[in-house]
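Whatever order the structure lists them in is the order used to number ligands and atoms, beginning at 1. Atom set for the values below is all heavy atoms of this structure, side chains included, hydrogens, waters and symmetry mates excluded.
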Amino acid sequence: MDAIPYVNLAKQHAAIKAEVLAAVGEVLDRGRFILGDEVAAFERRFADLCGTRCAVAVNSGTDALILALRALGIGPGHEVITAPNSFVATASAIALAGARPVFADVGDDYNLDPERIEEAITSRTRVVLPVHLTGRPADMTAILQVAARRGLDVVEDCAQAVLAEHRGRRVGSFGRVGCFSLHPLKTLSACGDGGVLTTDDEALAGRLRVLRNLGLPARDDCVEWSGNSRLDSLQAAILLVKLQHLERWTERRRENAAAYRRELGGVDGVRVPGERPHERAVYHTFVIRARRRDDLKRRLAEEGIETAVHYPVPIHLQTAARGLGYGPGSFPAAERQAREILSLPVYPELEPAELERAARSIRRFYGG
Ligand SMILES: *Cc1c(COP(=O)(O)O)cnc(C)c1O
């Protein structure tokens, strides 16, 4: 039997190759490769999609986060509260902006628990940085309430959650800034690295445009030191093609999630992710909680079904986090989840028969 890979980007591109190559050809013919019309067009479309006034495209999700924090004046002496179960980039962006990453434990939805945020606030806290992990929206109503009460800014890490909604509103439109990754493994992906920020604040968007381009508002006037975080015209042209398919791809992910729920809902030993009525999750990952996770993962691999763990080591237990004063036991929910979580293939091109085969293998493992 054919193997079922965890991701299959070749399959996505096979279906849209002619469109992508035509878009690439146009950029080659024009001969302008940095920022330019394609990037501006992508920014307009992306802002519309998220329901924000502005979008600013950059070279990665990590730089999006760093620039968002810098544009809000975050730096040495400040603390930023985020989730310990995110990809390490969330915390490294805070540290690279010069601030201190402070973690708060997460709930069963893998997202920041608003009560734990409140407990982590000190006089140095400036920003709450929720992560919409797995593509499921964090509880933005509660998080915005805590932030407003304590006078904090909110920056959203939307890297896994383009098109996700909380109470009918898209992520990236709740905080001062939303930060997205367009990495190949994300649900909207460039053919290489990319990222984008969303905001309703035109002045902030202007500052972000300067910061992504070496601090240069105009060619010969550098107003502050900054790096090069620009998105390529070629990537923007490819992204404009992919944007036309994103809603359909997202629906396919949601259908796959619903199918897994039907197939695995009653299995003793497995917990499938829920979805509350006011949420629209986009399933960047479909993460189950599995008893004897490592044995299950090994068995599935033997049967040709590739899975992944996002992420096996929480950020507060990473070597780079040693100086922050955390240790095993600091965030019990995140640490327990790290031992039990398993990401199943959920990409739009996954065939129903492949999904059923993966589910059948899981049921068999638990004796069902
Ligand atoms: C992927 C990811 C990032 C970093 O994005 P890059 O484009 O890889 O730099 C940040 N946060 C989260 C939650 C991510 O999943």
Quick note, ring pair (Phe, Tyr, Trp, His ring centres under 6.0 Å) partners involving residues 9-44, not counting sequence neighbours, are F42-F46

Would you please determine whether S86 falls within less than 4.0 Å of ligand 1 on a heavy-atom basis? yes

Heavy-atom pair with the smallest gap, counting every atom of A64 and L197: O-CD2, 3.1 Å

Is there a donor-acceptor contact under 3.5 Å linking the side chains of [X] and [Y]?
X    : Y    : answer
E19  : H245 : yes
R209 : N213 : no
D200 : T52  : no
Q160 : H310 : no
E255 : Y260 : no

Give yes or no for whether the N/O distance cutoff of 3.5 Å, strictly under, is met between K186 and ligand 1. yes

Would L65 count as a polar contact of ligand 1, with the cut-off being nitrogen or oxygen pairs under 3.5 Å? no

Does D157 approach ligand 1 within less than 4.0 angstrom via side chain, backbone, both or neither, non-hydrogen atoms only? side chain

Part of H284 with heavy atoms under 4.0 Å of ligand 1, whether side chain, backbone, both or neither: neither

What residue and atom, counting heavy atoms only, is the protein's closest point to atom 9 (O) of ligand 1, and at what distance? T62 OG1, 2.5 Å

For atom 7 (O) of ligand 1, what's the nearest protein heavy-atom neighbour? Residue, atom name and distance, please. S181 OG, 2.6 Å

In this structure, is the centre-to-centre distance between the rings of Y347 and Y6 below 6.0 Å? no

Show which atoms of ligand 1 fall inside a sub-4.0 Å distance from at least one heavy-atom site of [X].
X    : value
V131 : 13 (C)
A89  : 3 (C), 4 (C), 10 (C)
Q160 : 13 (C), 15 (O)
A159 : 2 (C), 3 (C), 10 (C), 11 (N), 12 (C), 13 (C), 14 (C), 15 (O)
G61  : 5 (O), 6 (P), 7 (O), 9 (O)
S60  : 7 (O), 9 (O)

According to side-chain hydrogen bond (donor to acceptor under 3.5 Å, both in side chains), who are the partners of E79, at least two apart in sequence or on a separate chain? T122, R124

